[in-house]
There are 6 protein chains.
Amino acid sequence: MRPSGRAPDVMRPVSITVGFARHAEGSALIKIGGTEVLCTASVETKVPPFLRGQGKGWVTAEYGMLPRATHKRGPREAAKGRQNGRTQEIQRLIGRALRASVDLETLGEIMITLDCDVLNADGGTRCASITGAWVALAVALRTLVDKRVIRKMPVLTQVAAISCGLTADGCVLDLDYDEDSNADSDVNFVLAADGGIVEIQGTAEKAPFSEIAFLDMMHLARSGTGILFAAQTEALNAAQSGAPAP
Amino acid sequence: MRPSGRAPDVMRPVSITVGFARHAEGSALIKIGGTEVLCTASVETKVPPFLRGQGKGWVTAEYGMLPRATHKRGPREAAKGRQNGRTQEIQRLIGRALRASVDLETLGEIMITLDCDVLNADGGTRCASITGAWVALAVALRTLVDKRVIRKMPVLTQVAAISCGLTADGCVLDLDYDEDSNADSDVNFVLAADGGIVEIQGTAEKAPFSEIAFLDMMHLARSGTGILFAAQTEALNAAQSGAPAP
Amino acid sequence: MRPSGRAPDVMRPVSITVGFARHAEGSALIKIGGTEVLCTASVETKVPPFLRGQGKGWVTAEYGMLPRATHKRGPREAAKGRQNGRTQEIQRLIGRALRASVDLETLGEIMITLDCDVLNADGGTRCASITGAWVALAVALRTLVDKRVIRKMPVLTQVAAISCGLTADGCVLDLDYDEDSNADSDVNFVLAADGGIVEIQGTAEKAPFSEIAFLDMMHLARSGTGILFAAQTEALNAAQSGAPAP
Amino acid sequence: MRPSGRAPDVMRPVSITVGFARHAEGSALIKIGGTEVLCTASVETKVPPFLRGQGKGWVTAEYGMLPRATHKRGPREAAKGRQNGRTQEIQRLIGRALRASVDLETLGEIMITLDCDVLNADGGTRCASITGAWVALAVALRTLVDKRVIRKMPVLTQVAAISCGLTADGCVLDLDYDEDSNADSDVNFVLAADGGIVEIQGTAEKAPFSEIAFLDMMHLARSGTGILFAAQTEALNAAQSGAPAP
Amino acid sequence: MRPSGRAPDVMRPVSITVGFARHAEGSALIKIGGTEVLCTASVETKVPPFLRGQGKGWVTAEYGMLPRATHKRGPREAAKGRQNGRTQEIQRLIGRALRASVDLETLGEIMITLDCDVLNADGGTRCASITGAWVALAVALRTLVDKRVIRKMPVLTQVAAISCGLTADGCVLDLDYDEDSNADSDVNFVLAADGGIVEIQGTAEKAPFSEIAFLDMMHLARSGTGILFAAQTEALNAAQSGAPAP
Amino acid sequence: MRPSGRAPDVMRPVSITVGFARHAEGSALIKIGGTEVLCTASVETKVPPFLRGQGKGWVTAEYGMLPRATHKRGPREAAKGRQNGRTQEIQRLIGRALRASVDLETLGEIMITLDCDVLNADGGTRCASITGAWVALAVALRTLVDKRVIRKMPVLTQVAAISCGLTADGCVLDLDYDEDSNADSDVNFVLAADGGIVEIQGTAEKAPFSEIAFLDMMHLARSGTGILFAAQTEALNAAQSGAPAP
């Protein structure tokens, strides 16, 4: 039995609300159980120096955690004067995943920055960030089309992310903080709605794990991302129809 | 006529919700018009080096703004590697104001850090931070008494803050972003419920202003903080009775 | 009786000497009792990016304290790698106060940086900095007119600053370090020679203070700045006539 | 045909030399084709604060690249004042991988820092770092036993790492810089000699990739790490017998 | 003819005043021509970690330049967040020179920090700093003996420094800024009153220089430091007799 | 007898190998006894801002030490976020010495950065860096001529550096780490092949030293650099003939 009482293949409740941030071109507040992340998409009509003049766009991400999003207050990175290695690793992952989801050629010389700020943390914040940021990105792209900043909606592969772990209870889906702290190994899967793999990060925390366990976790991840894809779609539809997301 | 259509002495709608942050000993989400700040109080049972062994407590504050809380995305201070002067000025103000509100001797060797993070900005974020942080602090102190970490509730002077400004429309209460950007001068008042002055920061943005204008603004501030004191009390009562704040 | 033996409304001796810094376009060494600040005005014929092409000038300030200006040696900020919050708060205050004193439109696309470096500290360094920097600024503007860099002297409102405090001896003028460390509250007033308010920063260090005490302190400040305005004028006259200031 | 003329499942030549660094408790210079990394293991008899008093050891890693290890000189991170995100991501990966390989309980309160510095770069530097650092770690542990700093050799799972990629030539083993820059996706595998998975980092650079491609790459990685395990063993044997590695 | 009209072996006027800094255990304001440096000695009764428990003292130095000590305003190092290489090179030189002058064993576990801050710069600031800091150090040691913090005056070798240069006018003594900017080479000599060499830093700015030129410069330096030793002694005597220095 | 058994005027074995770094325009791996430094020359076709449009080139240097080049692991400067004073002092010395060796006018608007990274340290790393960097610079200049980036080889004065010291064994040549740590004084000489002095840095570590000792050390240095000049020439010849250096 998992600490939360969930069966191995059961996710925590998911909700995604579009529009929490009043000024951003796109935003989504995503809650997965006790984890809550505010994702915003900010548009600039210029690209980083290495891309200038190539007619291509860029998508990047920054990640942060409010000091008291966690059980114990963590030092504020702005006050310490540097982002720690974990933060940098996570924001690089979010950026790569979202960049892989959008056709940057069609986007044109536009940069979209996805800020993912964790308001409450209970495990799985990097996966929730990717899933929520994808929604914020979709809203921002739609806004750009509506405002005729870009002529045509770029192809946008639907992408979501979920963690799986090998615990004393076997392979389980969607680790919360308690499970994450004690898992033998955990794997973060970023998957596309068409079944493709966008990113895999798997780590043996205690001892190496087997290929079979890995494949079990990938199976669970496919089922979990199915639920996330539905939640993303529902949030986008609700936003478009003017109704609040459930 | 003010840009928002408000009369000179009318505040924007205020709401304060206790408990948004799941892990903090005390938290309050305060909304004043389009400004929204998450305030958390974090307790540690040790004080800074300069206070050790004196039996006194300490209250301090940190302030941050999510990169896209504003019209235009601002650079993330953690990524830049330093907090800018405005941030430092504001967090020092919040810390002084809250420190003046609580009897640090009775608190004992405990440090409470108030984190004020702006989720949406539309003017008045430093004042909203003080008003919300006071509620978070009150909840945290109550928690400490309930858990018997401290034996006795320290005296806590009720404190709230509001900005006033001298604009083309004369002296007005509770500037929003539009007014703040164009005001001739503005004054932030931190006042106690018993009428005492905790902090005053007044600045002539364009030309020196008169003592009469200053006294007019103080008068408006007294009326505005009256509304804030009521909202603070209501939020604390709602939290204690288990009901959600309105 | 105050620790220094002064009556409540008596300032410490003031002296301002123009020209201590050999290379600066304007400079003033101001002494107020045991506090001594070297203020220099440096002129550049370009403005910060946000002002370019608008035909307006800019005035900004930086503040520093020599490591052994104080009773106990403080760490050198350059060696620590960051300016602390107090430094930033003070230099922002000096900049705002001086910016409010000069007509930036007439100045044209010129930036003047006021460096205020404390050589000896005995309380009131931020106020002495503003009072001295105003003299350095006036000298620099005159130099610019003399060298025909600008065609016309911009309007320059005379500005000076002084601290007042509420102590065990009641409201007093011009706190020295001993008084400042023990005051119940203190207020820094930046006033214009025509009576206008440029900036007010008041802080309750121990308990909230009353509006009456505040008004008493403003009354003292008006009398104190009168003496400072005279010292500024005398220093400028002495410099112009080639004679050393007294 | 691959740019280097290698068949898809062919690695570049590998050589590992023990003892390049004269002062380190363990060191290995690893060359894989044109990539060359100096790995050192440094022993300290104290552990980080979070582990003190628990009787457990710690293994951590730092990674660096000499400024001109690459085609174009990169800025020196020490001069810029911060390690970039890529560096932090890589050194966290090396640390996790090596930590998973050694029994930290048997090690006792000892910290081993693995420094991996790239002297020449031609793709695959993070994998070469892990493979070389494992040798340096093994030498250091043997030294600790020889010098009786620890009584018993901790269990040390043999670990090596290799990159695979999906390119225009299909799935290929051991990407060099040319291939790495153009691959559709690449996966870094850290595997144990007994077949277990220690870490997987897979990234779709252009478009999501299929589970079948992923499994193909894992198959190639198993074959590649086989060669690396042999090279590690040979280097350790050569070092022990006093003969130079081939 | 030198730009200043001085003969090759003529120094600029020198004056040293003890006691400018009110709070420091020792201080000296040294002027050499247009160069003016405030040197303070600050005493702490603890030594750096690497010396603890050895019964020996430590002397160290920090150097700074006020932003407008120079012709053109330089950026404030505290604002930039780092001391530049020149500053570090100079403060290391001052520290080494002064450390070599005092018997650290007799001093005991005491640390003296010499802060040298340039108020006006016209060449030769590092040499003036050493010469002035030696006076501040001597005053501080005397103070420690007077206050019975140490029982016995440590042996203090008298040390002073002067620059020489090879210019279009041949070898010259005591370069001012104009000469320093154009010299073919320059050498800073730190010499002891008994003729010993404490430190030599010679640099060919344009082309290598000959051993003969070097020896000529050393000869000039011996004559120049003779004048500095007399000025140091006079300043110390004046301070002791209570009379102001000339 | 010296700790190493060498006579006072005997250097350690020297070897210089051209071409260790695969990508650099010029590189040299220099070994002097147990000290080993990798020197690379990187060419950019642009100069720093202060030189733009003057038709002159620039040569600069950066220095680093691998964390475990030393007996005890030192903290990685990139991780600490700043280069320490010793590093800055050394890299400034290397840059000045090499700049003095080359005719920057003939070079034209080209910048050459010399990176000197210490792989193994046993005393004399700054001198070895200069001697090796000169070879890397010579190779890079030759490459530029061969590739017709510059039309004509700039005059390049041959430059090498060696340390001497005054120890219990009298004046000795080429200090190793043991001697360097215990020397009474040491002097680094950077000399040109034609006998000219490029740079002298002499320091009394314990007590001032005499002019006679200084001249003895300069004599030793002339003999030592003779050996280094031969080794530099041999390495360049070997590289040009395609044969490996001895």
Side-chain angles (χ1 to χ4, degrees), chain B residues 60-63 81-93 95-105 155 157-159 166 184-215 217-219 221-222, chain C residues 60-63 81-93 95-105 155 157-159 166 184-215 217-219 221-222:
Chain B
T60 187
E62 289 189 7
Y63 171 92
R82 59 167 77 191
Q83 293 180 298
N84 63 34
R86 179 184 170 277
T87 295
Q88 297 218 42
E89 185 179 298
I90 293 176
Q91 66 193 11
R92 283 166 57 84
L93 167 65
R96 281 196 308 266
L98 274 291
R99 224 153 29 235
S101 78
V102 62
D103 170 8
L104 298 169
E105 310 273 350
V155 171
T157 308
Q158 192 171 0
V159 160
L166 181 58
D184 287 333
S185 50
D186 68 277
V187 187
N188 295 297
F189 293 91
V190 187
L191 301 177
D194 67 359
I197 298 169
V198 175
E199 182 105 18
I200 292 179
Q201 285 194 337
T203 299
E205 300 288 350
K206 292 178 181 157
F209 56 98
S210 69
E211 190 168 332
I212 289 175
F214 177 80
L215 293 173
M217 289 190 268
M218 195 181 307
H219 186 79
R222 290 201 184 286
Chain C
T60 186
E62 288 187 8
Y63 171 91
R82 58 167 77 192
Q83 294 179 296
N84 65 32
R86 179 183 171 277
T87 295
Q88 297 218 41
E89 185 178 299
I90 292 176
Q91 66 192 12
R92 283 166 59 85
L93 167 65
R96 282 196 309 265
L98 274 291
R99 226 156 24 239
S101 77
V102 63
D103 170 9
L104 298 168
E105 310 273 349
V155 172
T157 308
Q158 192 171 0
V159 160
L166 182 57
D184 287 336
S185 50
D186 69 278
V187 186
N188 296 297
F189 292 91
V190 187
L191 301 178
D194 68 358
I197 298 168
V198 176
E199 183 102 19
I200 292 178
Q201 286 193 337
T203 298
E205 300 288 351
K206 291 179 182 156
F209 57 98
S210 69
E211 191 168 332
I212 288 173
F214 177 80
L215 292 173
M217 290 190 267
M218 195 180 306
H219 186 78
R222 289 200 185 286

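Bear in mind that the values here come from a model prediction, so they are computed numbers and not experimental data. FYI, side chains are in, hydrogens and waters are out, and symmetry mates aren't considered; it's all heavy atoms of this structure. So you know, we letter chains A, B, ... as the sequences are listed, proteins then strands, and number each from 1.
- Going from atom CD of B:Gln201 over to atom CD of C:Glu199 covers 7.5 Å, rounded to the nearest 0.5 Å.
- Heavy-atom pairs under 4.5 Å with chain B peak, among C:Val159, C:Ile90, C:Val198, at C:Val198.
- Among the candidates B:Arg82, B:Arg92, B:Arg86, the residue making the largest number of heavy-atom pairs closer than 4.5 Å to chain C is B:Arg92.
- Using a 4.5 Å cut-off between heavy atoms, C:Gln91 does not touch chain B at all.
- Only the side chain of C:Leu215 comes within less than 4.5 Å of a heavy atom of chain B; its backbone N, CA, C and O stay farther away.
- Interatomic distance, OG1 of B:Thr203 versus CD1 of C:Ile200, reported as 9.5 Å (0.5 Å rounding).
- In this structure, chain B has a heavy atom under 4.5 Å from the backbone of C:Ser210, while its side chain stays farther away.
- Residue C:Ala100 touches chain B through both its backbone and its side chain, counting heavy-atom pairs closer than 4.5 Å.
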### Query
When you look at C:Glu89 and B:Arg96, which way does the salt bridge (Lys or Arg N to Asp or Glu O under 4.0 Å) test go after all the steps?
CA-CA 13 Å; C:Glu89 185 178 299; B:Arg96 281 196 308 266; 3.5 Å; yes

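- We find the CD-CD distance between C:Gln88 and B:Gln83 to be 9.0 Å, quoted to the nearest 0.5 Å.
- In this structure, chain B has a heavy atom under 4.5 Å from the backbone of C:Asn84, while its side chain stays farther away.
- Looking at C:Arg99, neither its backbone nor its side chain comes within 4.5 Å of chain B, counting heavy atoms on both sides.
- Contact check for B:Met218 versus C:Glu211: side-chain heavy atoms found under the 4.5 Å cut-off.
- For the atom pair CD1 of C:Ile197 and CZ of B:Phe209, the computed distance is 4.5 Å after rounding to the nearest 0.5 Å.
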